[in-house]
Amino acid sequence: QKDDDIEEGDLPEHKRPPAPIDFSKIDPGKPESILKLTKKGKTLMMFVTVSGNPTEKETEEITSLWQGSLFNANYDVQRFIVGSNRAIFMLRDGGYAWEIKDFLISQERCADVTLEGQVYPGKGAEESEKVKNKTKPEKAKKKKDTEKKSNSIKEDNRATKQREDL
């Protein structure tokens with residue numbers, strides 16, 4: 001049975017022990033530095049939107065150029081087209097995600113990059129879209145919905161109304 005043991009490097013990612021985090025490298029002024037260290041060695045995906053109104057074939061060509069540039073810079077990136085103007089870039093090592101994000105948002109045809117819930121506007125974004133680091137509206141909506149629910153529960157609580165009557 002010991003001969004059949006799987007080496008630690010061959011284990012699936014979710015079964016590997018996490019790499020130790022060196023807290024001396026964390027810059028308290030930059031919250032992204034914490035994310036970089038926690039995502040190091042883990043698979044990470046980022047969404048990229050191509051500006052203009054490209055066809056799926058144009059999106060394929062543009063993102064292929066970006067992937068080639070990243071490959072030449074020794075970044076292991078896989079690309080998947082998920083819409084007529086959208087692609088997923090999958091990274092084997094999430095520690096490099098913010099460097100890749102910086103490269104992508106500097107490209108002329110990049111409308112935005114979504115990484116860890118943050119939307120970063122690219123060079124090709126329309127002026128109205130260039131609100132720095134806006135979060136996904138779904139998250140804000142969920143918070144508002146839960147606040148409304150908790151407020152309505154407090155108002156409908158019968159024991160509270162009886163106490164007020166006393």
Side-chain angles (χ1 to χ4, degrees), residues 7-146:
E7 290 184 28
E8 195 172 296
D10 294 336
L11 284 171
E13 186 176 312
H14 66 279
K15 290 188 177 182
R16 284 185 225 147
I21 298 172
D22 185 5
F23 289 101
S24 65
K25 293 182 179 178
I26 294 177
D27 181 5
K30 294 182 182 176
E32 287 181 0
S33 66
I34 298 168
L35 283 171
K36 280 183 189 179
L37 290 175
T38 57
K39 299 298 177 187
K40 189 164 185 64
K42 295 183 179 173
T43 302
L44 188 132
M45 290 187 263
M46 63 173 65
F47 288 90
V48 181
T49 306
V50 179
S51 66
N53 197 7
T55 63
E56 200 161 324
K57 186 171 175 31
E58 286 176 315
T59 300
E60 174 86 32
E61 291 170 2
I62 292 166
T63 56
S64 175
L65 288 172
W66 295 343
Q67 182 185 21
S69 298
L70 291 166
F71 178 79
N72 290 337
N74 291 326
Y75 290 110
D76 181 22
V77 178
Q78 289 183 328
R79 173 181 49 93
F80 305 96
I81 304 299
V82 292
S84 62
N85 69 339
R86 208 136 157 87
I88 293 177
F89 279 62
M90 187 176 84
L91 324 172
R92 294 268 178 237
D93 186 355
Y96 298 114
W98 284 264
E99 295 169 30
I100 292 170
K101 181 259 316 173
D102 291 338
F103 165 76
L104 290 170
I105 62 174
S106 69
Q107 302 303 303
E108 291 291 331
R109 291 293 306 269
C110 179
D112 62 56
V113 174
T114 305
L115 175 61
E116 291 295 303
Q118 292 283 317
V119 179
Y120 300 92
K123 207 172 186 180
E126 296 172 16
E127 289 303 315
S128 62
E129 295 292 318
K130 289 190 177 182
V131 178
K132 189 169 181 164
N133 284 349
K134 60 181 180 180
T135 55
K136 286 187 178 178
E138 298 143 18
K139 289 185 178 179
K141 186 179 175 187
K142 286 180 184 176
K143 281 185 181 177
K144 288 178 185 174
D145 288 347
T146 54

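Heavy-atom basis, side chains included; hydrogens, waters and symmetry copies ignored. Because the structure is predicted, anything quoted here is derived from the model rather than measured.
Atom CD1 of I81 and atom CD of E61 lie 10.5 Å apart (nearest 0.5 Å). From E99, atom CD reaches atom CG of L104 across 12.0 Å, with rounding to the nearest 0.5 Å. Between the CG atom of L65 and the CD atom of E60 there is a distance of 10.5 Å, given to the nearest 0.5 Å. Residue M46 holds its CE atom at 13.0 Å from CD of Q118, rounded to the nearest 0.5 Å. Atoms CG and OH, from L91 and Y75 in turn, are 10.5 Å apart once rounded to the nearest 0.5 Å. Atom-to-atom distance recorded for N85:CG and E56:CD is 10.0 Å, nearest 0.5 angstrom.
The shortest non-hydrogen separation linking R109 to P54 is NH2-CB, 3.9 Å. The nearest pair of heavy atoms linking A87 to T63 is CB-CG2, 3.9 Å. A pairwise comparison of heavy atoms in S51 and G124 identifies CB-O, 3.2 Å as the closest pair.
In this structure the side chain of R79 never reaches within 4.5 angstrom of the side chain of V48, judged on heavy atoms. Side-chain contact between E58 and V50 is absent, with no heavy atoms from C-beta onward closer than 4.5 Å. At a threshold of 4.5 Å between non-hydrogen side-chain atoms, the residues T43 and M90 count as touching. Counting only heavy atoms from C-beta outward, the side chains of L44 and L115 approach each other to under 4.5 Å. S69 has its side chain out of reach of Q107: every pair of non-hydrogen atoms, C-beta onward, lies at least 4.5 Å apart.
A distance-only check finds a donor-acceptor pair linking the side chain of T59 to the backbone of S84 [under 3.5 Å].
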| Derivation of the side chain to side chain contact (heavy atoms under 4.5 Å, CB included) call for D112 and R86 | CA-CA 10 Å; D112 62 56; R86 208 136 157 87; 3.9 Å; yes
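For the side-chain contact (heavy atoms from CB on, under 4.5 Å) test with V77, the passing option among F71, Y96, F89 is F89; the others fail.
Heavy atoms from other residues, nucleotides or ligands lying under 6.0 Å from CG of N53 number 12 at most.
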